[in-house]
Amino acid sequence: MSRQDEKFSDNGFEAWGGYMQAKISKLEEQFSSKASKENQVSNIFKGISIFVNGYTVPTADELKDLMAQHGGVYHTYQRHEDIVIASNLPDTKVKNMTLTNIVKPEWITESIASNRLLDYKDFLLYSNKHSQPKLKFQKSTRMSNDTKKKEELLTDSWVKPMNNLDIERSLPDSSYVIVDSTNSLIDIKNTDTSTKTAVDPNFISEFYSNSRLHHISQLGACFKQYINDLREESNYIFTAHINLRDRIKSYNCHSSFSMNFEYNKVIMHIDMDCFFVSVGLRKHPELKGKPVAVTHSKGGQSQTKRSGVNRSVEFELYRQKQAGKLTKAGLDVNNIEISTRIDNIGDEGNKFGSMSEIASCSYEARAKGICNGMFMGAALRLCPELQTIPYDFDGYKEVAYTLYNTIAQYTLDIEAVSCDEMYVHCTDLLTNLDVSPEDFATVLREEIREKTGCPCSTGFGGNRLQARLATKQAKPNGQFFLTANLIEDFMFDINLKDLPGVGRQTSQKLESLGHQTCGSLQSLTLASLQQHLGNKTGAQLFDQCRGRDRNPLTYHTVRKSVSAEVNYGIRFETNDQCYHFLNQLSIEVQSRMQQFKVKGKCITLKLMVRAEEAPVETAKYLGHGFCDVINKSVTLLEATNDSQIILQEVISLCKKLNIDPKEMRGIGIQVTKLEQLNDKLQKSKGAISKFLTNVTKDERKDKPNLCMKNEPVSPKRPLASPRRKSPSRSPNKRKGRPPKNSKLSTSKTLMDKFLQCPAIKNEFKSPIKNKSKDIEEPKKNIENIETERIVKSGLLGFSWKEVRELLRAWFDSGQPPKQCDVDMIISYMENMICNRNIDKLYILLNFFRRRIQEINNEIWNEVLNYVLEQVQSAMLVVYNKRLYFED
DNA sequence: ATCCTCCCCTAC
DNA sequence: TAAGGTAGGGGAGGAT
Ligand SMILES: Nc1ccn([C@H]2C[C@H](O)[C@@H](COP(=O)(O)OP(=O)(O)OP(=O)(O)O)O2)c(=O)n1
Ligand SMILES: [Mg+2]
Ligand SMILES: [Mg+2]
């Protein structure tokens with residue numbers, strides 16, 4: 001292909017160069033007229049089409065086949081949830097959008113022939129002058145040293161003036177193009193630095209896709225629902241019990257004497273160690289052992305300064321507010337250093353000026369005083385060599401899912417706290433299995449580390465408080481047992497701030513009373529604590545500082561409110577813009593209410609409004625700054641989940657408040673007084689049984705793009721040929737277990753949205769079904785007097801003994817087996833799997849096997865293999881394990 | 001006493 | 001640049 005051939009068509013190019021949203025309709029027009037004619041359009045997603053002249057970007061499935069044909073290992077990435085990209089580079093930096101590899105067939109052939117991987121050198125980056133800052137930015141992007149060097153070397157030759165391409169007229173000023181070495185268009189970037197506020201059309205979705213807090217909120221809620229649903233599942237089986245003792249032995253960690261916990265209860269708390277960092281480090285192993293933080297900021301580079309920013313004014317307001325609270329709490333503000341989150345931040349443009357928040361930091365970073373939630377600027381002062389890694393939201397989802405499923409294989413007495421954390425009631429579990437807490441902890445933590453590649457810590461105690469404090473003690477990557485004999489000494493030294501529920505305000509209040517540690521607080525009477533902090537809080541604290549906690553674990557959660565708010569990027573000019581945004585929020589709230597199957601009566605509008613004294617330009621870019629918070633609510637006569645009713649109410653509240661839209665900095669809608677919608681019908685049957693009986697029908701429902709959304713990163717999973725399996729059941733495509741069936745549980749929708757992360761290890765290919773079809777014969781059943789009954793109800797109505805007799809008759813009949821009979825026995829066995837009937841299933845299968853081996857002819861052997869495969873598939877789905885047979 | 005509304009605080 | 005969301009517990013103070 002010559003360069004000339006690769007020139008882009010004007011239309012195609014303009015489509016890219018324009019602002020997407022504005023041109024959607026035009027695009028679609030072009031699409032329909034062009035597609036038929038020239039076959040140049042590869043894909044259309046959400047109205048954005050990719051035009052690449054002379055080359056069609058393959059679809060995900062085509063890519064899979066393509067790669068399979070070439071025998072290459074490939075990796076797929078998804079960007080913006082709409083564009084699929086594949087590369088045979090294992091670590092293509094799609095995330096930062098510095099480079100996009102789209103694999104062409106020729107490249108694959110070529111690279112295989114020349115025995116090399118595609119490399120950065122295979123791409124050229126063209127740019128117009130406006131993109132220069134962007135390129136500088138890329139240069140200082142944190143990457144591995146290796147990559148960085150390479151990039152620096154290449155940068156000069158990469159940057160070509162846009163006019164070499166003779167196309168800049170169709171681009172907005174601030175765009176640049178990425179093309180490959182043959183000039184074929186790879187991507188167009190926009191370096192437009194104009195601020196993107198809530199007024200912009202795609203603001204909400206972009207914000208949500210980048211907001212860590214949004215992600216962990218939604219994910220956490222999912223797991224609460226998930227536990228609710230699992231606990232309602234009557235056919236649930238705890239598979240981890242099966243080989244627990246063997247695993248304990250293999251870790252060689254039998255404990256010598258038993259432990260005593262208070263109240264004779266064993267409560268476990270488990271929490272991933274620096275969750276976001278651990279997950280992120282899987283992709284950046286070279287940074288292990290260094291101070292690392294997960295943040296949007298790349299660290300180190302100075303930003304451009306916005307005009308009108310006066311950080312010190314805003315910071316001073318925060319300090320004053322805090323000082324006011326301290327005074328109220330009885331402290332003498334003049335003698336006390338007020339510490340706030342905004343201390344040690346430099347000015348904008350300063351090396352230490354970044355106000356990007358650190359979501360999580362490694363323990364090496366914590367050693368320097370950095371902690372979660374800190375601003376990047378302040379953190380860099382504490383540790384200038386702090387490394388940053390980007391967010392990996394899919395990774396968190398997958399690891400969290402694995403964590404929960406792992407624990408759920410032992411027990412469902414789980415209180416979900418958040419996506420990386422839960423309480424587990426272990427008393428019965430450990431008693432029944434006769435396992436010591438130490439052995440359990442060791443095996444469990446190793447299991448999780450092995451499955452996820454991330455470390456976690458567990459703490460054990462007689463109540464939730466003790467368990468929690470024990471976890472803190474255990475971290476990082478450890479376990480701690482707060483047994484009855486240790487509690488008194490242990491509690492004495494605990495900082496009040498470390499008690500759950502005691503945050504900055506409470507601890508400062510207590511400090512003003514002269515107490516910093518639990519030991520010290522124990523001298524206060526219940527009455528005086530209650531007097532200072534209120535009845536409940538006082539009593540709670542009185543208990544807590546003695547290591548007591550009466551609150552039981554709550555396995556089943558009942559939702560009390562649904563809300564959506566955005567306090568970032570809110571910069572309205574007009575009331576209409578505000579209402580328009582409220583409409584989007586209403587729709588968001590509606591969709592969440594539908595997910596949770598609730599309606600609500602009380603609607604609250606929350607506004608954050610710039611405080612009078614606060615500067616108009618906020619310290620944090622597009623942040624909310626120093627604000628007054630205003631809430632106003634209305635109670636309806638009838639519960640609703642209709643976005644339009646919500647919108648109408650919320651607008652009316654907004655009008656009553658009469659706030660200048662220009663001053664709004666945050667806006668949210670909350671719905672309370674919830675009523676559960678009736679969905680009894682949907683919950684009538686356990687998910688597992690239904691799942692199994694519907695599995696074949698269900699399978700087709702997987703959308704192709706979902707299949708690759710979360711490529712499992714389980715270290716054990718082979719990067720297998722992704723070729724789609726033919727009609728045989730493919731449980732490995734099911735998103736792991738415990739199973740969740742679509743039409744059944746409320747969590748299905750949630751899980752679909754957030755938890756599509758199977759970590760199933762064993763690939764399972766069995767095309768036998770096709771072969772078996774060949775032996776299918778006209779329908780005629782087992783030669784048995786009860787044929788009718790069987791046909792009608794399957795084998796399910798039969799007792800296990802009866803089935804065994806039927807089987808015996810079948811084997812002895814001397815006729816070749818028929819597909820329908822085989823299917824029937826399989827569904828009977830699947831049913832046993834659902835009904836915790838593994839023991840009997842095992843016996844039945846052994847019987848089945850023995851008899852067939854006795855018959856010893858090819859067809860029957862095939863039947864045996866087929867049945868075994870199917871049973872093992874079902875086992876994988878339900879238990880994530882296969883049955884073990886001795887040979 | 002108990003409930004309601006509007007906060008504040010905390011956790012992740 | 002930056003992506004400061006979301007749910008629950010509970011206190012203050014007024015209405016019942
Ligand atoms: N202010 C915060 C606190 C937490 N998180 C996110 C990132 C964390 O990784 C995750 C879990 O929070 P944890 O409190 O469990 O903290 P870590 O897991 O990071 O560390 P630790 O080892 O103390 O559990 O929640 C966040 O985004 N912002
Ligand atoms: Mg954690
Ligand atoms: Mg946690």
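Owing to the predicted nature of the structure, the values given are computational and were not obtained by experimental measurement. Throughout, protein chains are lettered first and strands after them, A, B, ... in sequence-line order, and every chain is numbered starting at 1.
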For [X], answer base if it contacts any base atom (sugar-phosphate contacts may also be present), sugar-phosphate if it contacts only those atoms, and nothing otherwise; contact means non-hydrogen atoms under 4.0 Å.
| X | answer |
| --- | --- |
| A/T604 | nothing |
| A/N372 | nothing |
| A/V502 | sugar-phosphate |
| A/G501 | sugar-phosphate |
| A/V634 | nothing |
| A/S217 | base |
| A/Q540 | nothing |
| A/Y396 | nothing |
| A/G377 | nothing |
| A/G220 | nothing |
| A/I669 | nothing |
| A/E565 | base |
| A/K632 | nothing |
| A/R468 | sugar-phosphate |

Legend entry - Nearest-Å distance for atom pair CD1/P, residues A/I204 and C/dA3: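 Taking atom P of C/dA3 as the reference, CD1 of A/I204 is at 17 Å.
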Inset, instruction - Give the rounded distance in Å between these two atoms: NE2 of A/H296 and C1' of C/dA3. - result: 5 Å
Inset, instruction - Give me the ring orientation class for A/Y396 and A/F275: parallel if the planes are under 30° apart, tilted from 30 to 60°, perpendicular past 60°. - result: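 Tilted, since the angle between the ring planes falls between 30° and 60°.
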Inset, instruction - Could you check A/N567 against A/Q531 and say which one's nearest nucleotide on DNA chain C is further toward the 5' end? - result: A/N567
Inset, instruction - Identify which one of A/E421, A/R464, A/R468, A/E415 satisfies the side-chain hydrogen bond (donor to acceptor under 3.5 Å, both in side chains) criterion when paired with A/H269. - result: A/E421
Inset, instruction - Select one nucleotide: of B/dT5, C/dT6, B/dC9, the one nearest the side-chain heavy atoms of A/K673. - result: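 Comparing B/dT5, C/dT6, B/dC9 against the side chain of A/K673, the answer is B/dT5.
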Inset, instruction - Measure from the side-chain heavy atoms of A/N631 and tell me the nearest of B/dC9, C/dG5, B/dC7. - result: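 So the side chain of A/N631 is nearest to B/dC7.
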Can a donor-acceptor pair be found, under 3.5 Å and without considering hydrogens, that links the side chain of [X] to the backbone of [Y]?
| X | Y | answer |
| --- | --- | --- |
| A/Q466 | A/G461 | no |
| A/R306 | A/T618 | yes |
| A/T537 | A/G534 | no |

Inset, instruction - Report yes if at least one side-chain N or O of A/T537 is closer than 4.0 Å to OP1 or OP2 of C/dG11; otherwise report no. - result: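 It does, given that an N or O in the side chain of A/T537 lies less than 4.0 Å from OP1 or OP2 of C/dG11.
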